[in-house]
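What follows is a single structure, written as structure tokens, with notes after it.
Just so we're on the same page: letters track the sequence lines, and every chain starts at 1.
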Amino acid sequence: MASKPSIPKGTRDFNPQEVVKRNYIFDVMRKAFKRYGFQPIETPSFENSETLMGKYGEEGDRLIFKILNSGDYLKKVSDEELAAKDSAAITSKISEKALRYDLTVPFARYVVQHQNEITFPFKRYQIQPVWRADRPQKGRFREFYQCDADVVGSKSLWQEVELVQLYDSVFTNLRLRNTVIKMNNRKILSGIAEVIGEEDKLIDFTVALDKLDKIGVEKVKDEMRAKGISEAAIEKLGPLFNVSGSALEKLNSLKSLLASSETGMKGISELEFILNTIDEIQLKTAQLEIDVTLARGLNYYTGAIFEVGAPAEVSMGSIGGGGRYDDLTGIFGLKDMSGVGISFGLDRIYLVLEELGLFPETVLESTRALFVNFGNKEAMYAMRTINALREEGIAVDLYPDETKMGKQMGYADKRGIPFVILAGESEMQSRTYTLKNMKTGEQQTLDIDQLVSELK
RNA sequence: GUGGUUGUAGCUCAGCUGGUUAGAGCGCUGGAUUGUGGUUCCAGAGGUCGCCGGUUCGAAACCGGUCUUCCACCCCA
């Protein structure tokens, strides 16, 4: 006997209700992307390994799903290598392709490859699944969707301003209020590292700093010490841990800390511009905050760093992130092409909307009305009407079998179909229809025109 | 990748320190109700207790492995 079928860890099936709700989110995003002037592209679900490997740090390489070569994949591996059991060395010989890990790197590859066809600045959006060989948790899957909007070929900070507005617009349209858009700037982080004389430990330093709100000042300092950052340097960070107040106040205290760093001051002025501009324009529902400890994200960010947190009442990691990367296409041989982009985590946004009950009731309605089947003669009468209604763009259906009415009504009820139409012998004679509202139980007798306007 | 946790009917879960034929609620099927669903009543179907192995006279329960779930770390959407 075959054992019960199953799906791989961290993957999911979606039932009709779930797909409909996911599509609702996709629609909101797609419309917003379009309204902001982004154009859609798609890239393959798998890339050449060399395109992906090494782009996300050591941790990232581990999380990339590798695809085994076809055919005799051990052919290129020598007996010595096999005996040594050196997985890392063997991997590159038995696997030349890998599943997409995010949408940004494939996009960079796309830009370089199609640079002569693209008109810059190029604004593209991309909604596709990505895969990570991570250990699943709540809101963390091995297959999930990212929805990215990026602009390449412009260094203007107006892009950052627009992306903040795009976040605000999407979350507002999803009725998700009080999202927090946290912003930082990589130049500020570099500036701090410079000021404390630990430039070469930038990554270790930022990773530790990023944990501040989670583990507290002392543990952050411990981690910095563990990574070899000097006591004197940690001492100089003192003011950083006490940065508080409004966004502009935070910027001011940073200014005194970073006065001696040209890079740091550049980061501050960038942040200041974005902040002031947004302040002028105003956001609808999101809050824009400065978070100097925000350092997550990939090592390729060079300017702005974004992260969006869900409203405080739901416990969920970030539901979006992004930033500016001045040199991403450089990896693929195209210099001086600055890009900035943001990403939405569809699956996490879904969980948040579900938890807060924010899906509109109407998204679940699939079929508007169901015709009861009274037999072939009546079904023929119904089918002509069904065709007419479908021409009008109304989703209607005929119950396929001639069974007891109770069963047919029960079917409509369970499927959440709001109307049932009875068209039996008496209705046929008077060329009418009995329309039953399943919510109120009310029934009325209508002719075809009335039926159409009632269902529209 | 490290540490922990979970798995019993379609779903949510009981099942005491191992002891006959494994239970409940909801759901499902049929009937009460041959042109009226959601309520009520009656009847019924459905489980190799995640999987493999071990301990035992006897395992859903104890042990080991494995898969899965969720959680923390790492990292991230």
Whether Arg124(A) engages the ring of Phe107(A) as a cation-pi pair (distance to the six-membered ring centre under 6.0 angstrom, angle to the ring normal within 45°) should be assessed. yes
When rounded to whole Å, the CD1 to C1' distance for the pair Ile7(A) and U69(B) reads 12 Å
Please confirm whether the shortest side-chain N or O distance from Lys138(A) to OP1 or OP2 of A72(B) is below 4.0 Å. no
Under 4.0 angstrom between Lys211(A) side-chain N/O and C74(B) OP1 or OP2: yes
Do the charged groups of Asp413(A) and Lys439(A) touch, with an N to O distance under 4.0 Å? no
If we ignore angles and hydrogens, is there a donor and acceptor under 3.5 Å between the side chains of Thr385(A) and Tyr433(A)? yes
Can you confirm whether the side chains of Glu270(A) and Asn185(A) place a donor and an acceptor under 3.5 Å from each other? yes
Could you tell me the Watson-Crick or G-U partner of U29(B), where both distances fall under 3.5 Å? Say none if there is no partner. A43(B)
Sequence neighbours excluded, the answer for salt bridge (Lys or Arg N to Asp or Glu O under 4.0 Å) partners of Glu96(A) is Lys76(A)
Could you write out each protein N or O paired with an N or O of nucleotides 2-5 of chain B at a distance under 3.5 Å?
from  : atom 1 : to        : atom 2 : distance (Å)
U2(B) : O4     : Arg135(A) : NE     : 3.3
U2(B) : O4     : Arg135(A) : NH1    : 3.1
G3(B) : O6     : Arg135(A) : NH1    : 3.0

Does a side-chain N or O from Gln408(A) land closer than 4.0 Å to OP1 or OP2 of G37(B), or not? no
Does Asn184(A) form a side chain to side chain donor-acceptor pair (under 3.5 Å) with Tyr301(A)? I'd like the steps, not just the answer. CA-CA 11 Å; Asn184(A) 194 8; Tyr301(A) 290 142; over 6 Å; no
What is the distance from CE of Met428(A) to P of G35(B), rounded to the nearest Å? 16 Å
For Tyr73(A), does the OH atom sit with more than 12 other heavy atoms under 6.0 Å from it, leaving out its own atoms? no
Of the options G37(B), U68(B), U36(B), whose atoms approach the side-chain atoms of Met438(A) most closely? G37(B)
Using the closest heavy atom to pick a nucleotide of RNA chain B for each, name whichever of Lys9(A) or Lys439(A) lands nearer the 5' end. Lys439(A)
Close N or O pairs between protein and nucleotides 26-33 of chain B (under 3.5 Å):
from   : atom 1 : to        : atom 2 : distance (Å)
C28(B) : OP1    : Lys414(A) : NZ     : 3.1
G31(B) : OP1    : Lys404(A) : NZ     : 3.0
G31(B) : OP2    : Lys404(A) : NZ     : 2.6

Complementary nucleotide of A24(B), counting Watson-Crick and G-U pairs under 3.5 Å: U12(B)
Start at the 5' end of RNA chain B and walk down; is the nucleotide closest to Lys436(A) or to Ala133(A) reached first? Ala133(A)
Leu189(A) and its side chain to side chain contact (heavy atoms under 4.5 Å, CB included) partner, picked from Asp210(A), Val292(A), Ile305(A), Leu294(A): Ile305(A)
